[in-house]
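A short write-up of the structure that comes next.
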Amino acid sequence: MTAPRALAPRRGEHGFFRPIEEKTMCQSDVYIIEGGEEKLLMKETAWIEYADDGLILRNDFGEQKTVPARLKVADLVQHRIVLEPIETG
């Protein structure tokens, strides 16, 4: 008997198996406001950290971005985070 596709395991960042899901409880898509519109910045973001020059975003796939932005909205129920840019200079 095979597991349904949504529950089939895959190896995570630290070698542990975790189910394939649309979103796990702690992951959110991050958007940034550009020109009055929300633009997708990173999918399935698992970590956000403050830095001197903005925010550091990381996902489970090893992707990392430092963004000159601040938090505007964090809708954790809908797995959606919206950032607004800050002036660097």
Pair Asp29 + Arg80: basic N to acidic O under 4.0 Å: no

Check Lys39 with Glu37, please: is the shortest side-chain N to carboxylate O separation under 4.0 Å? no

Verdict with supporting geometry, Phe61 and Glu44, side-chain contact (heavy atoms from CB on, under 4.5 Å): CA-CA 9 Å; Phe61 306 108; Glu44 300 181 9; 3.3 Å; yes

Crowded around Lys65 NZ? As in, over 12 foreign heavy atoms under 6.0 Å? yes

The reported gap from CD in Gln64 to OG1 in Thr66 (rounded to nearest 0.5 angstrom) is 5.5 Å

Working to the nearest 0.5 Å, report the span between CG of Asp75 and OH of Tyr31. 11.0 Å

Starting from Leu71 and following side-chain heavy-atom contacts under 4.5 Å between hydrophobic residues (I, L, V, M, F, W, Y), which residues can be reached? Val30, Ile32, Leu41, Met42, Ile48, Tyr50, Leu55, Leu57, Val67, Ile81, Leu83

Polar contact flag, side-chain donor to acceptor under 3.5 angstrom, Asn59-Gln27: no

What residues form a side-chain hydrogen bond (donor to acceptor under 3.5 Å, both in side chains) with Glu34, not counting sequence neighbours? none

If you compare all heavy atoms of Leu40 against all heavy atoms of Lys43, which two are closest, and at what distance to 0.1 Å? CD2-CG, 3.5 Å

Salt bridge (Lys or Arg N to Asp or Glu O under 4.0 Å) against Glu49, all qualifying residues, sequence neighbours excluded: Arg58

